Amino acid sequence: ARYLGMPVIEVDPDDAEPELPADGTYLLCRASVLGRSREIDLYRRYDCTSFAGDYPVLADPDFNRNRHYQGAGLPFIPKVPVTHREINYLKSRLEEAGRPPLLIKSWDSNKTDFARADSLQTYISLADYLLALGKSLTIQPFVDVKHYARMVVLGDEVVSSIEYVSRDP
């Protein structure tokens, strides 16, 4: 936004919301776990386009992102944390994420990796292995798309975008 000469308002997530004119369109950038508790109210109040910033998704064990968006009636792809290697627990995580194929995201302090699990057995095996290595994990439904783009839109203008094209095997 600064690069494009747009005004930027930095607000601590624990401060009161800024007074913004209701006739504008705003980009809401979330930056903390505490700030997410008010994001739906801000989204509705200011007609915001919600941009997921760099916040620790799994740092707050009491926060359920899926219920948060579902309760607000917002579209989302469920992302489910996986923290234990026990088979019944691993199966229980599918209640929120859905059945395979799944996208498994794993990370540690050095890098982030993604894997596709096409069966229950593959999911359990990969999750067990990655957790044994000390990785953090989330699972979500695998969405098979050949081409997509991510865009930041303010009003009727695309101000930032990136396009992805998958390689055919």
Side-chain angles (χ1 to χ4, degrees), residues 9-18 20 22 25-109 112-145 148-154 162 164:
I9 302 171
E10 294 185 25
V11 180
D12 184 287
D14 296 321
D15 288 347
E17 296 92 26
L20 300 172
T25 301
Y26 304 94
L27 174 68
L28 171 64
C29 182
R30 296 167 288 161
S32 97
V33 171
L34 296 175
R36 290 184 301 181
S37 65
R38 293 198 326 241
E39 84 177 312
I40 300 300
D41 291 335
L42 290 172
Y43 178 90
R44 290 189 174 128
R45 181 174 173 191
Y46 298 114
D47 192 24
C48 294
T49 301
S50 184
F51 175 77
D54 183 22
Y55 52 80
V57 174
L58 301 177
D60 181 357
D62 295 326
F63 181 79
N64 184 312
R65 173 192 174 275
N66 301 329
R67 274 194 297 250
H68 183 65
Y69 290 130
Q70 187 175 34
L74 298 177
F76 68 97
I77 295 175
K79 292 181 176 87
V80 180
V82 177
T83 56
H84 304 293
R85 296 171 56 196
E86 199 271 326
I87 290 176
N88 286 333
Y89 168 81
L90 292 173
K91 288 179 180 178
S92 75
R93 304 313 289 150
L94 297 176
E95 292 172 14
E96 280 188 76
R99 298 310 238 180
L102 298 170
L103 176 68
I104 300 174
K105 176 182 176 183
S106 65
W107 67 94
D108 59 21
S109 60
T112 301
D113 293 304
F114 297 90
R116 177 178 166 162
D118 287 321
S119 69
L120 177 63
Q121 293 80 7
T122 302
Y123 155 62
I124 289 173
S125 178
L126 282 171
D128 179 59
Y129 175 70
L130 293 166
L131 289 167
L133 293 176
K135 305 275 188 176
S136 296
L137 297 183
T138 60
I139 59 172
Q140 67 186 67
F142 179 82
V143 179
D144 189 17
V145 293
Y148 72 98
R150 296 180 83 171
M151 294 170 257
V152 176
V153 179
L154 288 177
I162 186 166
Y164 299 90

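For this chain, numbers begin at 1 and follow the sequence in order. The structure displayed is predicted, hence computed values, not measured ones.
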Answer yes or no: is there a side-chain heavy-atom contact under 4.5 Å between [X] and [Y]?
{"X": "L102", "Y": "L94", "result": "yes"}
{"X": "L137", "Y": "S106", "result": "yes"}
{"X": "D118", "Y": "R116", "result": "yes"}
{"X": "E96", "Y": "I139", "result": "no"}
{"X": "P81", "Y": "R93", "result": "yes"}

I'd like to check the side chain to side chain contact (heavy atoms under 4.5 Å, CB included) partners of S125; sequence neighbours left out, ordered by chain and number.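 S125: no side chain to side chain contact (heavy atoms under 4.5 Å, CB included) contacts found.
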In Å, rounded to the nearest 0.5 Å, how long is the span from [atom1] of [X] to [atom2] of [Y]?
{"X": "F114", "Y": "T138", "atom1": "CZ", "atom2": "OG1", "value": "7.5 Å"}
{"X": "I104", "Y": "L126", "atom1": "CD1", "atom2": "CG", "value": "4.5 Å"}
{"X": "K135", "Y": "K105", "atom1": "NZ", "atom2": "NZ", "value": "12.5 Å"}
{"X": "K79", "Y": "L103", "atom1": "NZ", "atom2": "CG", "value": "9.0 Å"}
{"X": "Y89", "Y": "H84", "atom1": "OH", "atom2": "NE2", "value": "5.0 Å"}

Which atom names give the shortest non-hydrogen contact between P78 and P141, and what distance separates them?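 Where P78 meets P141 most closely, the heavy atoms are O-CD, 3.4 Å.
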What pairs meet the salt bridge (Lys or Arg N to Asp or Glu O under 4.0 Å) rule with one or both residues in residues 122-133, with sequence neighbours excluded?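 Sorted result for residues 122-133: R85-D128.
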Mind jotting down which residue pairs meet the ring pair (Phe, Tyr, Trp, His ring centres under 6.0 Å) criterion with at least one end in residues 117-139? Sequence neighbours excluded, please.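 Listed by first then second residue: nothing to list.
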